[in-house]
Amino acid sequence: MAQIAQVLVDVPTMQTNRPYSYQIPTAWQSQVQPGMRVVVPFGRGKRRVQGLVLTCDDVTTFDGDLKAIDAVVDLAPVLNQEGLQLSAWLAQTTFAFQITCAQTMLPAVMRAKYEKILRPTAQTSTAVQTEIFQGQLEVNYDQLATTPQAVSRLLRLQAAGEVDVYYQVKNQARRKTVLGIQSTLSAADLDTELAAVRKGAAKQVALLKGLQTLNGEVITQKDFHQRFDVSEAVIRTGEQKGWLTRPAIEVYRDPYATADIQPTKPLHLNDEQQVAVDQIVAAVDQPATTTFLLEGVTGSGKTEVYLQSIAAALAQGKTALMLVPEISLTPQMVKRVKGRFGKAVAVLHSGLSSGEKYDEWRRIQRHEAQVVVGARSAVFAPLENIGLIIMDEEHESSYKQDDAPRYHARQVALWRSQYHHCPVVLGSATPSLESRARAEKGVYQRLVLADRVNQRPLPKVSIIDMKNELQKHAESNFSQALLVALQDRLDRHEQSVLMLNRRGYSSFVLCRDCGFVLKCPNCDISLTLHMDTHTMKCHYCGHEEAIPRICPNCHSHKIRYYGTGTEKVEEELRDLLPDARIIRMDNDTTRKKGAHAKLLTQFGSGEADILIGTQMIAKGLDFPNVTLVGVLNADTALGLPDFRASERTFQLLTQVSGRAGRAEKTGHVYIQTFNPDHYAIRFAQHHDYEGFFKYEMRMRHQGGYPPYYFTVQITASDLDEAIAAKRMYQLLQWLKPRLSSQTVILGPTPKPIARVNRRYYYQIVIKYKQEPQLTATLSTLLQETQAQQRQGLQIAIDVEPLHFM
DNA sequence: AGCACGCCGACT
DNA sequence: GTCGGCGTGCTC
């Protein structure tokens, strides 16, 4: 019987990033298991924290008095062996604390909430009773300790034994229950009672007959009411008579309970799709793990390949995981999967409430769901016996998490596929260079869907040189050609989609007299004008202030709004095409929950002629009546100091082009740009992924960038710019002798946006091909910069960062 | 993180 | 003399 547990405590710091040994109280020795959450005392005071049991055994290397586990939170482990191993691997590869990794893998409600509470003791004087407790049995510490004086007073009272501190560790996870109905009568008793009921008591008869029908089964009161038409009052009478009990029945919060989901049948596959499905399915029960790269243009039927492969995995008694970018996890998408697999599907995405996420998670853990569809973090879904992992739109940068643990869902998917010996399918119309290059080398197996399912030609793409436009016409967001095309669609009652590349293209205010630009007081960037709230906002720290009427610098009245946000584009378009009905979709109009879906439904049902939006409209939407797609500014991303700028531009343009003409009508795409000859734009015009891949690989080779090199980014930030810079140079000196001579170190450089939230950022990028000691070196680095973290210097390591600014 | 311990300056 | 300021080290 295990007496000692190795516990990971919920204290995310470098020093506590290791297991601590705790005594398991005798009464719980058969109960406590690895993967369960516990409450343990930690530290010299009375602090109590949540912990995660890693192992249970009889020995410890710690030679001191062990403390005992205070409480066991779970009845069953929340992480199984796979989960525990995965959290350890994740911590190691992303340089994050293991407890942080474990928390990331679990539903947010499982994170403990802490409360510090004061209670009176036997020695508490009446003065303190009235002053502090005011008749209460306990009071919240934080509510009293608002000033330094109050804190020291409480500290003294505690030392004098007048008050007792107590740490409450709260589990936020709540199950939802409803009242149920359970008969307490045997079949014979029921007959007796039925015979005894007074004549004319029709409802009581109905109740008893209902209980008879149940035959001992428990159902919810609501269902009972619906099936037997017996009101709650009658049921309560029955309860008083001792005929039944009303136990609390656990129910799942189902986000799609009210959705109208029609069953869908597998579609007929074309030859290419059939080949893909056959290859994937053949790999499901192979002991070796195969990673497929499924390349298919928009409309080539990738989703059907996924669904039929999943069906085959389920038929073998296995489970399946399907990852989708957050933005394409639309209700239509969910309906399609649920329509095929029904109740076996669990959905996980950020739009769910924390309770809904918790319930979906438990359905998966209890093997009630065998198919999981979800965004990035769904890659941690507690599925067992996985037969297939699918990652759609594998090039999407939203698969990488921006803060700790900085993991890429693709890496996690590959790790889990090794664990389960199952295949992974990476699907995309425009695979990331990394994945496509691996397919080239034979690491991944390439599957290609070159034909569109209905043999429809890809849309014609026209490139409009905005340099010429500017010379011919006054400054406008719309070229003549695009306007003519828009008017033409209006006349034909067809719809258009206009995309504005948002990055670096928002409205700001500028003084025409002195050139002053209103900037954020905390960050290094100009404030953005928001007409909806009539304020200036900082997109990085959330700072907000009033729109200036006069220039704060020279007091001139000639302060004007510049730049082009979606709002301004909409305004201009309303001027140019007054008859057009326009829907705008951007961060402002979609902030409210469900607003995104609502706007899309409106557009889909023909309530508008033109949809204007940012990148978010490029993905996943499929409206048959859209025959025109316009990209207003194709090249704003191209100017960014990031080697992936071309790749992103190409992917975005290809993706948005796919929105045109998906049904009976062929589409036309207009791309407005100041760089009409840029290769990313030219290859996108001809829908030529292969051409782009080859060209871009040459560029990456010349520049020494991924996939030819691996990269690691180290960022340091401090409130004091000089300290951040100085530490970075010290770090560089420390690092240099520890890396091989082929490895390139870029920087330190201030980040392009050097100051965010009053902190100054500096970065180093390491580019390497072979560096076996790198992980160990970086771990040491983190360990050694510990003391400085205390002084306010923050150091972050990002392995294979997606953004270099 | 959060707490105790310890070492210094300005007060009842 | 002591209260309380913060720097330092530790948490099974």
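None of the values given here were measured: they were computed from a predicted structure. Note that these values count all heavy atoms, side chains included, but never hydrogens, waters or copies made by symmetry. Residue numbers start from 1 in every chain, and the chains themselves are labelled A, B, ... in the order their sequence lines are given, proteins ahead of strands.
Looking at heavy-atom distances under 4.0 Å, A:Asp10 makes no contact with the nucleic acid at all. Heavy atoms of A:Pro41 sit under 4.0 angstrom from primed sugar atoms or phosphate atoms, though from no base atom. If you check every strand for non-hydrogen atoms under 4.0 Å, A:Lys116 touches sugar and phosphate atoms only.
The nearest whole Å value for the distance from the CZ atom in A:Arg153 to the P atom in C:dC3 is 14 Å. As rounded to whole Å, 16 Å separates atom C1' of C:dG4 from atom CD of A:Gln158. Taking atom CZ of residue A:Arg44 and atom P of nucleotide B:dC5, one finds them 6 Å apart after rounding to whole Å. Here B:dA1 presents its C1' atom at 10 Å from CZ of A:Phe97, a figure rounded to the nearest Å. To the nearest angstrom, P of C:dG7 lies 15 Å from CD of A:Gln788. The CD-P distance, from A:Gln789 to C:dT8, rounds to 16 Å in whole Å.
Set against C:dC12, C:dT8, B:dA1, the side chain of A:Arg47 has B:dA1 as its closest nucleotide. With B:dC5, C:dC12, C:dT8 as the choices, the nucleotide that has an atom nearest any side-chain atom of A:Arg18 turns out to be C:dC12. You'll find that the side chain of A:Ser152 is closest to C:dG4, out of C:dG4, C:dC12, B:dA4. Among the nucleotides C:dC12, B:dA1, C:dG4, the one closest to the side chain of A:Tyr22 is C:dC12. Residue A:Gln15 has its side chain nearest to B:dA1 when only B:dA1, C:dC12, C:dG9 are considered.
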Run A:Arg410 and A:Glu394 through salt bridge (charged side-chain N to carboxylate O under 4.0 Å, His left out) and show every step you take.
CA-CA 8 Å; A:Arg410 193 199 292 128; A:Glu394 68 90 31; 2.9 Å; yes
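Put simply, A:Tyr20 does not rest on the base of C:dC12: the two rings are not both less than 5.5 Å apart at their centres and under 30° in tilt.
Between A:Arg48 and B:dG2 there is no side-chain polar atom (N or O) within less than 4.0 angstrom of OP1 or OP2.
The cationic atom of A:Lys767 (NZ for Lys, CZ for Arg) lies less than 6.0 Å from the six-membered ring centre of A:Tyr709 and within 45° of the ring axis. Under the 6.0 Å distance and 45° angle rule, A:Arg738 counts as a cation-pi partner of A:Trp734.
Scanning atom types as modelled, no donor and acceptor separated by under 3.5 angstrom connect the side chain of A:Arg156 and the base of C:dG4.
A donor-acceptor contact shorter than 3.5 Å is absent between the side chain of A:Asn140 and the backbone of A:Ile117.
Using cut-offs of 30° and 60° on the angle between ring planes, the pair A:His408 and A:Tyr399 is tilted.
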